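Proteins get letters first, then strands, A, B, ... in listed order; numbering begins at 1 in each. Here the structure is a predicted model, which is why all the values come from computation and not from measurement. Just so it is clear, the values below take in all heavy atoms, side chains as well, and ignore hydrogens, waters and symmetry mates.
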There are 2 protein chains.
Amino acid sequence: MKKVENKKVDKKVANRKFVYLFKEAGNDKALFGGKGANLADMTKLGMPVPQGFIITTEACTQYYADGRMINDAILAQIDDKLASLEKTTGKKFGDVKNPLLVSVRSGARVSMPGMMDTILNLGLNDQVVEGLATLTNNPRFAYDSYRRFIQMFSDVVMQQEKSKYERILDKVKEQKGVQFDKDLTADDLKEIVKLFKDLYKKSQGEEFPQEPKVQLIEAVKAVFRSWDNDRANVYRRMHDIPYEWGTAVNVQSMVFGNMGETSGTGVAFSRNPATGENKLYGEYLMNAQGEDVVAGIRTPQPIASLKKQNPAVYKQFEDIAKKLEKHNKDMQDMEFTIENGKLYMLQTRNGKRTAKAALKVAVDLVKEKLIDEKQALMMLDPKQLDALLHPQFDAAALKKAKVIAEALPASPGAACGKICFTAERAKELGKKEKVVLVRLETSPEDIEGMAASQGILTARGGMTSHAAVVARGMGTACVAGCSALKFAEDEKSFTLNGKKYVEGDLISFDGSTGKIYEGEVKTEPAKISGEFAKIMAWADKYRALQVRTNADQPADAQTAAKFGAEGIGLCRTEHMFFDADRIPAVREMIVSSSVEERKKALAKLLPMQKKDFKGLYKAMEGKAVTIRFLDPPLHEFLPHEDGEIKALAKEMGLTFACLKQTISDLHEVNPMMGHRGLRLAVTYPEIAEMQTQAVIEAAIEVNKEKGYKIVPEIMIPLTCDCKEFKYVRDIVAAKADEIIAKKGVKLTYKIGTMIEIPRAALTADEVAKAGAEFFSFGTNDLTQMTFGFSRDDAGKFLDVYYTKKIFESDPFARLDQNGVGKLVKLAAGLGKEARPDIKLGICGEHGGDPSSVEFCHNVGLTYVSCSPYRVPIARLAAAQANIKNPRK
Amino acid sequence: MKKVENKKVDKKVANRKFVYLFKEAGNDKALFGGKGANLADMTKLGMPVPQGFIITTEACTQYYADGRMINDAILAQIDDKLASLEKTTGKKFGDVKNPLLVSVRSGARVSMPGMMDTILNLGLNDQVVEGLATLTNNPRFAYDSYRRFIQMFSDVVMQQEKSKYERILDKVKEQKGVQFDKDLTADDLKEIVKLFKDLYKKSQGEEFPQEPKVQLIEAVKAVFRSWDNDRANVYRRMHDIPYEWGTAVNVQSMVFGNMGETSGTGVAFSRNPATGENKLYGEYLMNAQGEDVVAGIRTPQPIASLKKQNPAVYKQFEDIAKKLEKHNKDMQDMEFTIENGKLYMLQTRNGKRTAKAALKVAVDLVKEKLIDEKQALMMLDPKQLDALLHPQFDAAALKKAKVIAEALPASPGAACGKICFTAERAKELGKKEKVVLVRLETSPEDIEGMAASQGILTARGGMTSHAAVVARGMGTACVAGCSALKFAEDEKSFTLNGKKYVEGDLISFDGSTGKIYEGEVKTEPAKISGEFAKIMAWADKYRALQVRTNADQPADAQTAAKFGAEGIGLCRTEHMFFDADRIPAVREMIVSSSVEERKKALAKLLPMQKKDFKGLYKAMEGKAVTIRFLDPPLHEFLPHEDGEIKALAKEMGLTFACLKQTISDLHEVNPMMGHRGLRLAVTYPEIAEMQTQAVIEAAIEVNKEKGYKIVPEIMIPLTCDCKEFKYVRDIVAAKADEIIAKKGVKLTYKIGTMIEIPRAALTADEVAKAGAEFFSFGTNDLTQMTFGFSRDDAGKFLDVYYTKKIFESDPFARLDQNGVGKLVKLAAGLGKEARPDIKLGICGEHGGDPSSVEFCHNVGLTYVSCSPYRVPIARLAAAQANIKNPRK
């Protein structure tokens, strides 16, 4: 074993405090991590917490800054706090008579369950284990602890293959004819320790380290290192957690749940994390340690059983849970250990919960007067609402569906998809179709495959198994512990209810009921009611931003309206052009060789477009509808393969050569920066005129039919210059005014523009002065142009950018506030300066991303527009933004 | 004839003064136009100027604002000034006894020769012409004036076909058996007037207007309208003249050069406009009017002849010329008329001149103490220097060349190219190869074809013919009036020196000597000496901006150094990759499936790249050399046609399918926003490492060989983010330091980045902090991304943008200061804030555009970098910028 390396440091660093005893630390999660801060809190509240110390997140940052080394100053501070801990506990690190053993656990600012590493029982070696056996008069316990420690150390610290150790364990159990670890005797465990140490030496080329301080520092480094492992990086990207934060390390004196049948360990929630019900909820195992409960190997007992088994401990735990809830004003997720009948609290944190539970807990806490409405809104994660907005099984379809099994309802929601057996396959296939991941059990390596799946089904594990916890966090359906599901040896098929299932077979299950159905079961969209409706009402009460939707079809518009959309912020008219019954006229328009021909083709499109718009107006019942004029380059409407061109030429009565020539003339090197958007209207004003006529006539007719007062908003795409905008604006206004005059009615309409090209943002004052009554930030294109990469092509190199930590999040999912945001802010300011009554919105996909919604609120936009299913998310995010930073 | 329309106006407009008598006007060219301001000046200097009034440029703007109508207020003011003019001259408009006749001429802020329209002899009608005949006792003169007026009015005001009137004139001349117009009798001209009036009625559907005021207002409107004709628009775009300026109209009482043999008209320069020689230079025709001199129909006499013909008038004219030069501190271009032996000045302006003359005049005026060095620099047009930088005939080739004719050396420079007979053909063919335009004579419609040609050769016309004047302005070679050149009837071939020439044949000529050569004559680059060298020395004395060059080859670098480049601002390394002897290794690198393979291929490229850089370092003799790392997407180096792919696969020992797959994997939807620039270095750091090695080793070796102290500058392209830049910078720095350490030498190098993506500009402070020691604004790409259009595709729609006046200039030729410039300014500021010693440059094509150079000076850049031939232009532009706005 190599010596602990160290690094000299300058005074400035040396003088900083990097290590704190629990009783010295405070509630600063940024510095102490969530786990550390809560341990400090519990200590101060006088709860039974095994003492220890925290190595801060700043030490982690320093570790990386020092080139992945722990410097002298930090080493000295660790030594110092270890000495204090020895004094408090009366035990000594490495002492044979009364040894201090510790756990070393990660603890980031926010909880990242399973993402980073833990080592228990640290401080054991060949001598100490004997001492511990003597001291506790329990050699079985001592050797069980030692073998666990060797196993964890070789896995976590030395990154040896975990399965090799497990295989030894299994082999010995087989030899001894026992089923569970707990049935192994002290001698069995001694033998295992020997085998483990041999394997360690063989793998590592040196003996298992016997010096506890070397063990400790290597473990601390392993925790720091685990901040940068692949699954942690993926998790952070999914949850927008900055890499800079780092993790703290908690070194805590061990208490033991594996000392015998009066010892045990467990995890419990102060309320039900699946439903929100206000009742202790959890599991525990006697004579077990740490991971045993969540590993799903032995099936744990429900927390209620503890009431019978040890009423005093149960009562004490229940009281602590209530106290912690009151202190933290939220539902708690706690770890505890019972050592020889005495309760110890190892950790508490605000519990992860399903979206449904989150809403109920928030509403209940308000009822219980623990928090107010604003606090209730602030404690919710808008992204999590997504889970409630996923389709549920269609009631009629469900009646006919055949239940083939039932298991734990681990994370709610209906899932239906093709079966995949590995995370890799799910990730791959999930790009193209709906998949469900079916596994014996999941592990942190599976996280990307889980994210790509509609749902997760496991054969093993309980409500707190890895699969269940992660699925709830993701808002993905999960049914866990389905023991009826029998995997084939190669894990490439399974049988369930007598039928064999292979990859690609369809299966359905409901994470709210735990029921598994044969084949495909039809789903239906979610509804907003109960606590959800209450929360949404509170959100509407506190938000300042309007929320609109992007919708091209009346059905989408209706869905969005049901979810609370206050109007349509973006209707992409080109989607209407692709319809099978329209594309002939569109193509006729494109191949026209004169304005007259083009007008003739457009005249065919006019009644169809008008019908579209009437449908949208009616669906929105008089609310604002923003219609964006034709945007894509015309070649998108024509085929590119010779065969298709031939067929189309015949259909259109053209020669192949002539149509081929037209298509080749329309070819563009960079279509994204080509002849599209309002550039089409500049070249072919008649297209804009036709669309204007459709928008205006439809509004006049629906206003008449329904008595609405629709004010249609016409949105010009791709503006880069004020004169360019004005040219098109004037054409649109002239046509609109002509129609209104001809019809002899009154109709107000607005003309505005997308701001999606950097130059439009830079000259937004001029564009506003040129007559733009509203701006809608098209942050998809704006992101592309501002970064200078095309979304279609960036996939090829962006993965490397994530791996190399150049980018931490996808700028198309989360608005890049630093670059693109600067342009949005600038343009919003210039626009308002030039035209104080200007309406400002956003209609890129960012409109439904909570952090981007907050940004939009802060820069003073009027509304965000997002896809129908994101409307409730945006409503909540908007409320949170206004609570944080109230708009005057 | 329809009545003069008018338009009621509001008081604010009505109260403005739109019309000024010459004696009321001042030297404000923006308001009065150049012609008007100079007429006002000459009036005040007591020179013999026929009196008149100016309708201001503001009236023109008002005309367009009023929907192309002259409003009541302006009409009233015209009436008023006309009355004053009648009083001054003692003549009356429309009076039969003593009629006032006027000319109506355009006059913009800057001279736009031939672009807009003129009408002479206005005020004549069937009665007045008789009165004029009686009054002057010269019916021939009266009817000549009337026929000219009808001809001009029908052409300019009514836009009838000019040639129809000319055909009548030719036919009558033929019938009467005379060669020149001047030989027609009064009766002949009466007959012509009748025929003209009949034609007018037939074409227009109404009689020729007899009411002088109607004639006047229609003529004024025609002049206003001509501001917006096609050729004026093209000319303005070429010369960066804003559309908003508008033109003034000068209404001046007529004097007549066509009153007989003691009358005449002419144009003259105070110095020779081709050479700059300080001597009156010009031409005149007796018994002629207006256009006769420049039309090239009769060959005019040189101005020197006037000395003999009328010494007093010559002396008076010579004195006026000197006086005007002194007053305007510049060489003058004057129009005069002699009416019955009395001299009248019709116009003066600073004369257009060749680049060579411009330099000589500027240097001479300093010698003559009329101006100082700064004024001399300010009076030059940097763009015009281009003419001097064009290749000249190679001396050796010229000795062997066969002179086939000689004519007027109308605009200097060597021209060699394929013959085109129409402007359309020259415009078309000139896109692909070098062409020369050969014409009987040119007219304003030909302007675009002239711009596309290497040179212009005409059979007719003198030094002041349209061809000559326009060619000089463009810096294009011109040989004029080559009467030996005989066109075939269809004007599709000509014979010269006994040989027939058809379209596509090669011909050469020298606009400085007037010599025409058979076939192709080799050319050689220009040199800087004499006045040019003096001006450049002054420019260097007064400028603050450094001037570098864009060069990829040692030969280019040497040319640039000769032209005064102070370093290389951009070496595009990919140009070196395309060489036939390298592309195999480049392709091998691209198809590599592992880092090792790629490194092997790169190792082959290393010595070649090193040799390139050594060549550049040596050519620049120790001056700064900025090397940009590989920029284009890799697919640019691979073929796309199946045939070529097959051949290459064979050559590379790959299967067709495999190579085809690689190429298809590399395909991009928008390559301009794809996997290129430093994105390549992020994915394949080994490419950047190889290039670093070549740059650093080459510098070490050349420093050793030559004793230079080269500080190589490594430029990272396409940065969009500070972390991205830092990632690549660190790789480059590590490699560079490694090599320097290994070689055991000292070498300073700099690492910087292109700023060519909007986000890089927006976050320039972060990029500078991440280690960018210099920024070079890549305004080509920055313009594309800021406008959101691809240069490759924009051609398809930008023409429409010019036609519809959305864009007035090409943003790729002239930096868009309003949009792109904002980003440049922002980034320059942020960069300096973060790193006060940062070097800032520009290396887009704008680096050689004078207005863009001025912008770069004003925003505080350190240098501009442009193509070698633009270096002198940039030096002069930089001096002008610093004279206008001195840098502290």
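- Neither the backbone nor the side chain of A:Leu782 comes within less than 4.5 Å of any heavy atom in chain B.
- When each of B:Ile757, B:Asp721, B:Leu718 is checked for heavy-atom pairs under 4.5 Å with chain A, B:Ile757 comes out on top.
- Using a 4.5 Å cut-off between heavy atoms, B:Leu666 touches chain A through its backbone atoms (N, CA, C, O) alone.
- Proximity to chain B (any heavy atom under 4.5 Å) is restricted, for A:Phe807, to the side chain, taken from C-beta onward.
- Comparing B:Leu680, B:Thr803, B:Thr683, B:Asn818 by how many heavy-atom pairs each has under 4.5 Å with chain A, the most go to B:Asn818.
- Here B:Asp816 contributes atom CG and A:Arg759 contributes atom CZ; the two are 4.0 Å apart, rounded to the nearest 0.5 Å.
- Most heavy-atom pairs under 4.5 Å with chain A, from the set B:Val820, B:Asp799, B:Leu823: that is B:Leu823.
- Contact count against chain B (heavy-atom pairs under 4.5 Å) is highest for A:Arg679 among A:Glu668, A:Arg679, A:Lys804, A:Lys726.
- Counting heavy-atom pairs under 4.5 Å between each of B:Val800, B:Val682, B:Thr763 and chain A puts B:Val682 at the top.
- Of the possible polar contacts, one joining the A:Asp793 side chain to the B:Val669 backbone as a donor-acceptor pair under 3.5 Å is found.
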Salt bridge (charged side-chain N to carboxylate O under 4.0 Å, His left out) between B:Glu244 and A:Lys723, worked out: CA-CA 13 Å; B:Glu244 293 80 32; A:Lys723 283 193 197 165; 3.7 Å; yes

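- For a residue to count as touching a neighbouring chain, one of its non-hydrogen atoms must lie under 4.5 Å from one of that chain's; by this rule A:Lys805 touches chain B with the backbone only.
- For NZ of A:Lys735, the number of neighbouring non-hydrogen atoms (other residues, nucleotides, ligands) closer than 6.0 Å is greater than 12.
- When the candidates A:Met672, A:Arg791, A:Arg676 are compared by the number of heavy-atom contacts under 4.5 Å with chain B, A:Met672 comes out ahead.
- No other option in A:Gly819, A:Gly788, A:Cys720 has as many heavy-atom pairs under 4.5 Å with chain B as A:Gly788.
- Nearest approach of A:Met673 to B:Met673, heavy atoms of both residues: SD-SD, 3.5 Å.
- Atom NZ of A:Lys822 is surrounded by more than 12 heavy atoms from other residues, nucleotides or ligands within 6.0 Å.
- Looking at B:Lys796, its side chain does come within 3.5 Å of a backbone N or O of A:Asp665 through a donor-acceptor pair.
- Rounded to the nearest 0.5 Å, atoms CG (A:Leu762) and OG1 (B:Thr786) are 6.5 Å apart.
- Both the backbone and the side chain of A:Phe787 come within less than 4.5 Å of a heavy atom in chain B.
- Side-chain contact of A:Gln784 with B:Asn670: a donor-acceptor pair under 3.5 Å is absent, judged by distance alone.
- Across B:Tyr801, B:Phe789, B:Phe797, a single residue satisfies ring-ring contact (aromatic ring centres under 6.0 Å, His included) together with A:His675, and that is B:Phe797.
- Annotation: the span from B:His667 atom NE2 to A:Asp792 atom CG amounts to 9.5 Å, rounded to 0.5 Å.
- Within the 4.5 angstrom heavy-atom criterion, no atom of A:Pro811 approaches chain B.
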